[in-house]
2 protein chains.
Amino acid sequence: MQIAPADAPSLTDHEDNTLSGRTTADLREAIIKGDIKAGEKLNEPSLAKQFKVSRGPLREAIRRLVAMGLVTHKPHQGATVVTLGLDSIMELYDVREALEGKAAALAAQNMSDEQIAHLKRVLEIHRRHHEDTAGEYLQAEGDFDFHYQVIQGCGNRMLADQLCNELYHLVRMFRYQTSRFKSRSQRALVEHEQLIYAIEQRDPQMAEMVMRHHIARAKQSIRNFLTSEEDHEQ
Amino acid sequence: MQIAPADAPSLTDHEDNTLSGRTTADLREAIIKGDIKAGEKLNEPSLAKQFKVSRGPLREAIRRLVAMGLVTHKPHQGATVVTLGLDSIMELYDVREALEGKAAALAAQNMSDEQIAHLKRVLEIHRRHHEDTAGEYLQAEGDFDFHYQVIQGCGNRMLADQLCNELYHLVRMFRYQTSRFKSRSQRALVEHEQLIYAIEQRDPQMAEMVMRHHIARAKQSIRNFLTSEEDHEQ
DNA sequence: GGAGCCACTATTGTCAACAATATGCTCTGT
DNA sequence: ACAGAGCATATTGTTGACAATAGTGGCTCC
């Protein structure tokens with residue numbers, strides 16, 4: 001069992017060994033980590049040269065990222081990295097609330113005892129880490145690690161794919177963009193604990209409610225942070 | 001196996017005019033309507049010849065369909081049309097329940113009075129149609145038309161895209177595969193009426209509850225139908 | 001001097017040939 | 001006759017060149 005996976009070899013890297021697959025992963029990480037900035041245009045020849053591939057695989061990679069929601073594409077005008085404004089983030093968190101809420105409910109029904117035990121261990125590791133470092137940065141990735149376990153345990157592959165292959169990367173991108181935004185880790189721990197309790201009780205409604213409140217609070221916290229920041233800058 | 005007729009005036013056809021875009025739409029309709037059967041392998045050279053395009057645009061089309069969930073793809077082995085087993089359908093309807101439930105809640109908050117009036121007109125048309133034809137087939141597409149209006153009125157573009165660009169096509173494919181499955185139209189009308197009431201009252205929680213029950217019932221109805229059919233066949 | 005048109009350039013869309021990989025078949029050996 | 005290895009073939013992955021389109025700059029005309 002490993003906690004927050006070290007670096008780029010993300011949990012969702014069942015990527016293939018083809019150039020197209022590797023390029024997708026590389027380009028995706030470049031965008032998420034901000035090496036290619038938000039709103040920037042993706043120039044095919046230059047990127048192809050940069051990644052040392054032809055334009056064919058690169059274009060396929062771009063198409064996959066479009067499906068992921070990381071870039072937009074207009075015919076004959078090319079692709080540009082999405083800009084995550086406050087509105088988009090709020091929308092994203094509403095979708096997360098709906099999807100992960102349902103995932104929590106299903107997890108309460110379908111998770112094996114072994115999986116629940118594993119979830120407890122993950123929470124314990126996060127708590128230790130929080131105590132040791134006084135609420136450190138890793139919390140961000142670690143937080144998703146917890147959510148990831150719940151999602152994988154829900155038993156609905158379609159739901160899990162939607163969350164992990166598409167929305168997850170948008171969340172990561174947002175977190176890289178506003179890495180200065182922390183806090184909430186103490187509260188998150190408590191809420192995660194509540195969720196485990198609900199799942200352990202095999203109570204889908206309670207699990208869904210807890211998860212939805214958890215995400216709704218995160219959403220509100222982000223809104224407060226971003227709007228106050230706007231005020232400061234203007 | 002035939003090619004799809006060139007007419008594909010789907011609701012979501014903001015497709016571009018490029019060969020890639022048109023091929024995507026054509027191939028998509030061919031798969032949804034069953035011209036290319038479930039589980040069938042997509043042979044690139046042969047399909048390219050049928051659609052009169054090169055393999056480049058065709059491959060991009062396939063990639064988009066993979067993102068849509070209509071086909072799966074394995075490196076060096078090619079793409080195959082998904083087979084919608086009972087399990088997949090159940091998963092799909094759980095995702096719909098979560099997403100459309102939230103959409104209904106948001107619609108209750110954000111829909112304009114004009115949009116609500118339009119929704120009422122759509123419902124009225126469906127009711128007329130139902131009375132005239134004693135519960136006819138068109139109900140299937142009409143039903144989604146109603147849901148479509150709610151989704152568009154929710155004001156969350158990300159949510160709407162997820163539903164209309166991805167899940168919607170899977171639902172359509174399922175309906176084409178089991179077009180003999182009807183019924184429920186009377187009940188659906190009542191449930192749609194309840195939803196409008198909730199939206200009109202600007203009651204998000206009630207709207208979400210009504211929508212979720214509506215979809216959950218549809219799910220159960222499908223399960224009963226498909227399992228009984230299994231029994232008959234075996 | 002400004003507005004509109006035209007050519008040019010940079011970039012995207014498309015194609016056909018080439019390379020690499022998987023699958024199925026044959027041939028051989030026991 | 002059967003199992004396994006190796007080859008042949010079909011299919012996918014990749015490439016560089018070609019075509020078409022949108023944006024840009026300069027030029028002319030009013």
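Note on naming: letters A, B, ... go to the chains in the order of the sequence lines (proteins, then strands), and numbering restarts at 1 for each one.
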May I have the distance from A/E44 (atom CD) to D/dA22 (atom C1'), rounded to whole angstrom? 14 Å

Contact class for A/G56 (heavy atom, under 4.0 Å): base, sugar-phosphate, or nothing? base

Within the pair B/R55 and D/dT12, is there a side-chain N or O less than 4.0 Å away from OP1 or OP2? no

How far apart are the closest heavy atoms of B/R55 and B/A48, and which atoms are they? CG-CB, 4.2 Å

Answer yes or no: does a side-chain N or O of B/R59 lie under 4.0 Å from OP1 or OP2 of D/dT12? no

Out of D/dT12, C/dT12, C/dT14, which has the shortest distance to the side chain of B/P45? D/dT12

Say whether, by atom type as modelled, one donor and one acceptor occur between the side chain of B/N110 and the main chain of B/G155 under 3.5 angstrom. no

Without decimals, in angstroms, what is the distance between A/L47 CG and C/dT12 C1'? 13 Å

Respond yes when some side-chain nitrogen or oxygen of B/K41 is under 4.0 Å from OP1 or OP2 of D/dT12, and no when none is. yes

I need the CG-P distance between B/L42 and D/dT12, as an integer number of Å. 9 Å

Please check if the side chain of B/E100 supplies one atom and the backbone of B/H147 the other of a donor-acceptor pair under 3.5 Å. no

State whether A/E208 and B/R212 are salt-bridged, where the test is any N-O pair (Lys NZ or Arg NE/NH1/NH2 against Asp/Glu carboxylate O) under 4.0 Å. yes

Measure from the side-chain heavy atoms of A/S54 and tell me the nearest of D/dT15, C/dC15, C/dT11. D/dT15

Main chain of B/K37, side chain of B/E40: is a donor-acceptor contact present, judged purely on distance under 3.5 Å? yes

Taken to the nearest whole Å, CZ/A/F51 to P/D/dT15 is 14 Å

B/K74 NZ to C/dT21 C1', in whole Å, measures 16 Å

Return whichever of A/H76 or A/T18 has its heavy-atom-nearest nucleotide of DNA chain D closer to the 5' end. A/T18

Please determine if a side-chain N or O atom of B/H73 lies less than 4.0 Å away from the OP1 or OP2 oxygen of D/dG13. yes

If you look at every heavy atom in B/Y93 and B/I215, which pair is closest and at what distance? O-CG2, 3.7 Å

Can you identify which nucleotide, out of C/dT23, C/dT14, D/dG13, has its nearest atom closest to the B/Q77 side chain? C/dT23

To the nearest angstrom, how far is A/E40 atom CD from C/dT11 atom C1'? 16 Å

Starting from Watson-Crick (N1-N3 plus N6-O4 or O6-N4) and G-U wobble pairs under 3.5 Å, report the runs of at least three that DNA chain C belongs to. C:1-30 with D:1-30

Spacing of B/I62 atom CD1 relative to D/dT11 atom P, expressed in whole Å: 13 Å

Rounded to the Å, how far apart are B/L19 CG and D/dA19 C1'? 12 Å

Run A/L92 and A/V171 through side-chain contact (heavy atoms from CB on, under 4.5 Å) and show every step you take. CA-CA 8 Å; A/L92 173 59; A/V171 175; 3.9 Å; yes

